[in-house]
Peer 1: 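Sharing a structure, written as C-alpha cells. Questions coming.
A note on names: the letters A, B, ... follow the listed sequences, proteins ahead of strands, and every chain is numbered from 1.
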Amino acid sequence: MSDLATPLIAWYRETARDLPWRDPDFGAWGILVSEFMLQQTPVARVIPRLEAWLERWPTPAALAKASPGAAVEQWANLGYPRRALWLHRAAVQIAEQHGGVVPRDVDSLLALTGVGDYTARAVAVFAYGDRHPVVDTNTRRVLARSLDGQSQPGPPSPNDLAAMAEVLPRDEEPAAVFNAAAMELGAVVCTARAAKCESCPIAHICAWRNAGYPDTGDRRRRQAAYAGSDRQARGAVLQHLRAASSHESAIETVAAMWPDALQRDRAIDSLIADGLAEASDGMLRLPR
DNA sequence: CATCCGTGGAA
DNA sequence: TTTCCAAGGAT
C-alpha cells in the first residue's frame, strides 16, 4: 500500500489555509460549534457566523441558558436550521451531563444531539488531539481516488472509518494532521469536479490518475429541485420569523407570503413538528 | 438503506 | 439558465 501520510502531512504543513478553528487556542467549544456549522455549509459562509456565535455564547453553558429560538435566530441563513436546534440541545446536554465541558471520548460525543460519526471524531481529534479516523466527504473522495481508483466515492458507509483507520499514522499528532490534511486536500485540490492534480502532493501514487482518470460511475443521487419545494416554503416562513420583531408573526401574515396554501400549511406544520416554530393564539413564533 | 432537511455561490 | 456542490445527521 502506498504511503499517503508522509507527502500529505508535508503538504499540509506548508500550504494549509489559516482557518479560525485551526488556531491551537480555539478551544473544544469553538471547534464543536464550527463542526456543526460546517455540516453541509461552505467554509466561507461559516466563518463570520461562527465568530458572531462565539461572541454571543462563549461557552456551552451560555448557550444552554438561551432559548432554542435565539439559537435559530442567530443561525441566520446558514441553512438546515434544525442544526441550530441540535446545537442548542447539545449545549444543554454538555451543561447538565458534562459539567459544561465538551466531552472528549467518542461515545460521549456521539450521544450529543446532532453529533454523528464525523463530528464526534473531528472534535476528539482536532480539539483534544486523540487518535481516531475522521471521515468526511472530502476524505472519502481522496481515498476513493488515490487508493481505489474511483472517480467518486460510493455512498457513505461505516466501512469508511475502517478504511481511514488503515492508513492513519500510528502516533497521535501525525494522525491528527493526516486527518486534517486529507480533508484539506479534498477541499482545495482533489475537488469533486476539475481536480487540480498538477498541484497534488500524492498525484504520483494516485490510483485514479495512474489508471488514466477512468469515469467509474457516480452513485450520487441528484439533489431534488429547491425552487418551489417544501424546503423552500419552510425556509421562507422561518426567514420571516427570524426577521419579525419578537420573532413572531400572525399566522395570517405568514400565510400571505407563500402562494400555495397547501404547501404553506405543510411548511408551518412541519416546522412546528420539528420544534422550529410554535403556534398559539393565532401567532407563529420561534420556540421559547 | 433511502429520504429528508436550506442556502447561496460557482461552473 | 440550470445544475452542481458544500467539514452530515436523524429517521
Peer 1: Would you give the length of the straight line joining atom CZ of A/Arg141 to atom OG of A/Ser146, rounded to the nearest 0.5 angstrom?
Peer 2: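 The OG atom of A/Ser146 is 11.5 Å from CZ of A/Arg141, to the nearest 0.5 Å.
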Peer 1: Do any side-chain nitrogens or oxygens of A/Thr119 fall under 4.0 Å of OP1 or OP2 in C/dG9?
Peer 2: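 Yes, because at least one side-chain N or O of A/Thr119 sits under 4.0 Å from OP1 or OP2 of C/dG9.
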Peer 1: At 4.0 Å (heavy atoms only), tell me whether A/Gly79 reaches a base, stays on the sugar-phosphate, or touches nothing.
Peer 2: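 If one applies the 4.0 Å heavy-atom cut-off, A/Gly79 turns out to touch a base.
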Peer 1: Should the pair A/Arg121-A/Glu35 be classified as a salt bridge under the 4.0 Å nitrogen-to-oxygen rule?
Peer 2: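 Salt bridge: no.
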Peer 1: What distance separates A/Asp117 CG from A/Asp160 CG, expressed to the nearest 0.5 Å?
Peer 2: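 The distance works out to 9.5 Å.
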Peer 1: For A/Arg22 and A/Asp18: C-alpha separation, side-chain torsions, deciding distance, then whether salt bridge (Lys or Arg N to Asp or Glu O under 4.0 Å) applies.
Peer 2: CA-CA 7 Å; A/Arg22 289 178 177 167; A/Asp18 183 20; over 6 Å; no
Peer 1: For C/dG9, does either OP1 or OP2 sit under 4.0 Å from a side-chain N or O belonging to A/Arg83?
Peer 2: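 A/Arg83 to C/dG9 OP1/OP2: no side-chain N or O under 4.0 Å.
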Peer 1: Provide, to the nearest angstrom, the distance between the CG atom belonging to A/Leu85 and the C1' atom belonging to B/dG6.
Peer 2: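 So the CG-C1' distance, A/Leu85 to B/dG6, works out to 14 Å.
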Peer 1: Could you tell me whether the side chain of A/Thr137 has a donor or acceptor atom within less than 3.5 Å of a complementary atom in the base of C/dG8?
Peer 2: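 Such a pair does not exist between side chain and base.
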Peer 1: What interatomic distance, in whole Å, is found between P of B/dG8 and the corresponding atom of C/dG9?
Peer 2: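 Rounded to whole Å, the distance is 23 Å.
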Peer 1: Between CH2 of A/Trp11 and CD1 of A/Ile202, what distance do you get to the nearest 0.5 Å?
Peer 2: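 One gets 9.0 Å once the value is rounded to the nearest 0.5 Å.
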Peer 1: When you compare B/dA2 with C/dA7, how far apart are their P atoms, in angstrom units rounded to a whole number?
Peer 2: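 It works out to 23 Å between them.
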Peer 1: Nearest whole Å is fine: how far is C/dA10 P from A/Tyr118 OH?
Peer 2: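 Rounded to the whole Å, the gap is 14 Å.
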Peer 1: Closest nucleotide of DNA chain C for A/Leu112 versus for A/Gln152: which of these residues is on the 5' side?
Peer 2: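 Upstream on the strand: A/Gln152.
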Peer 1: So what does A/Ala122 hit on the nucleic acid, given a heavy-atom distance under 4.0 Å: a base, only sugar-phosphate, or nothing?
Peer 2: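 Answer is nothing: A/Ala122 stays at 4.0 Å or more from every strand.
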Peer 1: What's A/Asp274 touching, base or sugar-phosphate or nothing? Going by heavy atoms closer than 4.0 Å.
Peer 2: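 Answer is nothing: A/Asp274 stays at 4.0 Å or more from every strand.
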Peer 1: By nearest heavy atom, map A/Arg222 and A/Asp136 onto DNA chain C; which one lands nearer the 5' end?
Peer 2: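 Result of the comparison: A/Arg222.
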Peer 1: Keeping to residues at least two apart or across chains, list the salt bridge (Lys or Arg N to Asp or Glu O under 4.0 Å) pairs with something in residues 250-271 of chain A.
Peer 2: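 Those involving residues 250-271 of chain A are A/Asp230-A/Arg266.
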Peer 1: Would you kindly compare A/Gln223 and A/Pro158 by the position of their nearest DNA chain B nucleotide and give the one closer to the 5′ end?
Peer 2: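 Going by which nucleotide is closer to the 5' end, it is A/Pro158.
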Peer 1: In whole Å, what is the span from the CG atom of A/Leu32 to the P atom of C/dG8?
Peer 2: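 In whole Å, C/dG8 P and A/Leu32 CG are 15 Å from each other.
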Peer 1: Heavy atoms only, 4.0 Å cut-off, all strands: where does A/Pro156 land among base, sugar-phosphate and nothing?
Peer 2: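 Nothing, no heavy atom under 4.0 Å.
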Peer 1: Tell me: CG of A/Leu185 to C1' of C/dA6, nearest whole Å?
Peer 2: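 In whole Å, C/dA6 C1' and A/Leu185 CG are 17 Å from each other.
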Peer 1: Atom CG of A/Asp160 and atom C1' of C/dA7: how far apart are they, to the nearest Å?
Peer 2: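 My rounded result for the distance is 14 Å.
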Peer 1: Starting at CE of A/Met37 and ending at C1' of B/dC5, how long is that distance when rounded to a whole Å?
Peer 2: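 It works out to 17 Å between those atoms.
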Peer 1: Which part of the nucleic acid, if any, lies within contact of A/Arg242, taking any heavy atom under 4.0 Å across all strands shown: a base, the sugar-phosphate backbone alone, or nothing?
Peer 2: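 If one applies the 4.0 Å heavy-atom cut-off, A/Arg242 turns out to touch the sugar-phosphate alone, with no base involved.
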Peer 1: Mind listing the residues from residues 4-21 of chain A sitting with a heavy atom below 4.0 Å of DNA chain C? Number order is fine.
Peer 2: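 Residues of residues 4-21 of chain A under 4.0 Å from DNA chain C: A/Arg17, A/Leu19, A/Trp21.
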Peer 1: With side chain to side chain donor-acceptor pair (under 3.5 Å) as the test, pick out the partner of A/Thr113 among A/Arg82, A/Gln93, A/His88, A/Arg83.
Peer 2: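 Only one option passes, and that is A/Gln93.
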Peer 1: Describe the nucleic acid contact of A/Leu238 in one word from base, sugar-phosphate, nothing, applying a heavy-atom distance below 4.0 Å.
Peer 2: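 The answer is nothing, as A/Leu238 stays clear of every strand by at least 4.0 Å.
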Peer 1: Nearest to the side chain of A/Arg231, which nucleotide is it out of C/dA10, B/dC5, C/dA7?
Peer 2: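 Selected nucleotide (nearest to the side chain): B/dC5.
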Peer 1: I want to check one thing: is the phosphate of B/dG8, taken as OP1 and OP2, less than 4.0 Å away from some side-chain N or O of A/Asn77?
Peer 2: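 Yes, within the criterion.
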Peer 1: Expressed as a whole number of angstroms, how long is the span from A/Arg49:CZ to B/dG8:C1'?
Peer 2: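 Whole-Å distance recorded here is 12 Å.
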Peer 1: When the C1' atoms of C/dA6 and B/dC5 are considered, how many whole Å apart are they?
Peer 2: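 Those two atoms are separated by 14 Å.
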Peer 1: In this structure, is the centre-to-centre distance between the rings of A/Tyr213 and A/Trp208 below 6.0 Å?
Peer 2: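 Yes, ring centres under 6.0 Å apart.
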Peer 1: Using a cut-off of 4.0 Å on non-hydrogen atoms, how would the nucleic acid contact of A/Val115 be classed: base, sugar-phosphate, or nothing?
Peer 2: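 Sugar-phosphate, backbone atoms only, no base.
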Peer 1: Can you check whether A/Arg193 has a side-chain N or O nearer than 4.0 Å to OP1 or OP2 of C/dA6?
Peer 2: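 Checking C/dA6 against A/Arg193, no side-chain N or O comes under 4.0 Å of OP1 or OP2.
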Peer 1: Is the phosphate of C/dA6, meaning OP1 or OP2, less than 4.0 Å from a side-chain N or O of A/Arg141?
Peer 2: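 Yes, because at least one side-chain N or O of A/Arg141 sits under 4.0 Å from OP1 or OP2 of C/dA6.
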Peer 1: Does A/Arg234 come within less than 4.0 Å of A/Asp274, counting only side-chain N to carboxylate O?
Peer 2: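 Yes.
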Peer 1: Taking only side-chain N and O atoms of A/Tyr226, does any of them lie within less than 4.0 angstrom of OP1 or OP2 on B/dT7?
Peer 2: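 Answer yes for this pair, as a side-chain N or O of A/Tyr226 is under 4.0 Å from OP1 or OP2.
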Peer 1: Can a side chain N or O of A/Arg45 be found less than 4.0 Å away from OP1 or OP2 on B/dT7?
Peer 2: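 Indeed not, no polar side-chain atom of A/Arg45 lies that close.
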Peer 1: Specify the separation, in whole Å, of atom CD of A/Gln39 and atom P of B/dG8.
Peer 2: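 In whole Å, B/dG8 P and A/Gln39 CD are 19 Å from each other.
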